[in-house]
Amino acid sequence: MNPITLGRRLRLALLLLALYPAAARADQLLLKNGRTMEGIIRGEDAVEVTLDFGYGTTTLQKADIASIRRSTPKQRRALERRLLGVAAKSGSIAAPAGAEELSRLLEAARRGREEAQDARREREQILDEQAELAEQARELRGRQPRLAAALGSANPNNRRDYNSLVGEVNAVNAGLSANAYQVEEAGRKLEAGEAALGKYLGDYSALRRYSAANLQRLRAGAPDEAAKVFYEDAARELAEMAAEFNKQAVPSRRVGAHLIVDVVFNGKVTVPLLVDTGASQTVISPEVAAEVGLEGGEVVHSTVADGRQVEGRLIVVDSLAVGDARVEKTPVIVIAAPGPDAKGLLGMSFLKNFMVQLDLPNSKLILESLAPAAPAKR
């Protein structure tokens, strides 16, 4: 094992031992140099004590030990179980036979969970940065007409004034170039964060489905104590992940094999949209865009249901909300409405932020969202 990896695991084991409640208290060795070491005493004679940290052992001379505080048999059993769980989670011991797929799904969900929470913590900061960059770009562009007019009427023979204007124009252009690069970089960060969230939603959903179908059976057939601890910890982790999701069932109107839900734009205008998990973007009609006050936008070409290519406008709205589910700064495409029952489509640009279930029999759209991440500890 890599010495750095082993060192990290030893530090983790010591931290976990220090955090254990009295029910799982470790053996404690107070050394004559004032240090305290904790673990499970695995061996002892008149000269030495062998202490197990959970990821390895160390041998101490009794001449260096001032006193030993021993755990009770009950505390020792509890600690043994905890260390088995830590070792299984770290990958230092193999998953029980038959649990390989569960172990793989758990590990993927663990990694995805951490990356998704990091991305959600960074999202607000990136959105603030984008707003500042937009304001900076507006200010720089606002200076361009005046500078262009001044440069056009300047006398090139007046070298000092002319060169000063040229320098100011160049500085504005350089500022806009730097601004554009920063905008692109912020956009890439947001996209990476959205990808991390989407991956975790997929990984967690796969783990949840597999566990619902197999975990009870696997736990019932656990052949030994290590397997029992593995399955208990898997169930506990799954419960912790589930507790981080908010679930809501949004009342909808059913039209054939589709649902129509009320979507609130920018906290003001409510619009009925047809839920379409096959649409990459949310689509609204020009009438809705006018009602919400959406103007401008980038010209894009989209393929509609009958295969036709139509021209539309891509606009980023401040917020879309379905019930209590809300997404900030999300794109919509303005083209003709898909039909008489709805004024657009609620597509994956919104839905990708949730685990989605269409409950057609009960006319409900079920959305599960990851709860806001706690601020990073400083």
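Everything numeric in this text was worked out from a predicted model, so none of it was measured.
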Side chains of [X] and [Y] in contact at under 4.5 Å (non-hydrogen atoms):
X	Y	value
Val250	Leu259	no
Leu346	Val322	yes
Val288	Val332	no
Leu51	Leu60	yes
Val317	Val292	no
Arg253	Pro272	yes
Leu102	Tyr231	yes
Arg143	Glu168	yes

Derivation of the salt bridge (Lys or Arg N to Asp or Glu O under 4.0 Å) call for Glu100 and Arg104
CA-CA 6 Å; Glu100 294 81 5; Arg104 183 189 69 78; over 6 Å; no

I'd like to know if [X] pairs up with [Y] as an ion pair, taking the criterion as any Lys NZ or Arg NE/NH1/NH2 lying under 4.0 Å from an Asp or Glu carboxylate oxygen.
X	Y	answer
Glu44	Arg70	yes
Arg111	Asp203	no
Glu328	Arg326	yes
Glu244	Arg113	yes
Glu107	Arg110	yes
Glu368	Arg208	yes
Lys352	Glu194	yes

Does a side chain donor of either [X] or [Y] reach within less than 3.5 Å of an acceptor in the other side chain?
X	Y	result
Ser205	Arg209	yes
Asp262	Thr270	no
Ser363	Ser252	no
Asn362	Asp359	yes

Can you check whether [Y]'s main-chain N or O pairs, donor with acceptor, with [X]'s side chain at less than 3.5 Å?
X	Y	answer
Glu132	Gln130	no
Lys247	Leu367	no
Asn179	Leu133	yes
Ser319	Val327	no

Applying side-chain contact (heavy atoms from CB on, under 4.5 Å), name anything that partners Ala131, two or more places apart in sequence or on another chain.
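Ala131 satisfies side-chain contact (heavy atoms from CB on, under 4.5 Å) with no other residue.
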
Pairs where residues 312-321 contributes a residue and the test salt bridge (Lys or Arg N to Asp or Glu O under 4.0 Å) is met, not counting sequence neighbours
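Residue pairs passing salt bridge (Lys or Arg N to Asp or Glu O under 4.0 Å), neighbours aside: Asp318-Lys329.
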
Hey, mind stepping through Thr50 and Ile41 against side-chain contact (heavy atoms from CB on, under 4.5 Å) and telling me if it holds?
CA-CA 6 Å; Thr50 300; Ile41 295 175; over 6 Å; no

Apply side-chain contact (heavy atoms from CB on, under 4.5 Å) to residues Leu197 and Leu370 and explain how you reach the verdict.
CA-CA 9 Å; Leu197 175 59; Leu370 190 61; 4.1 Å; yes

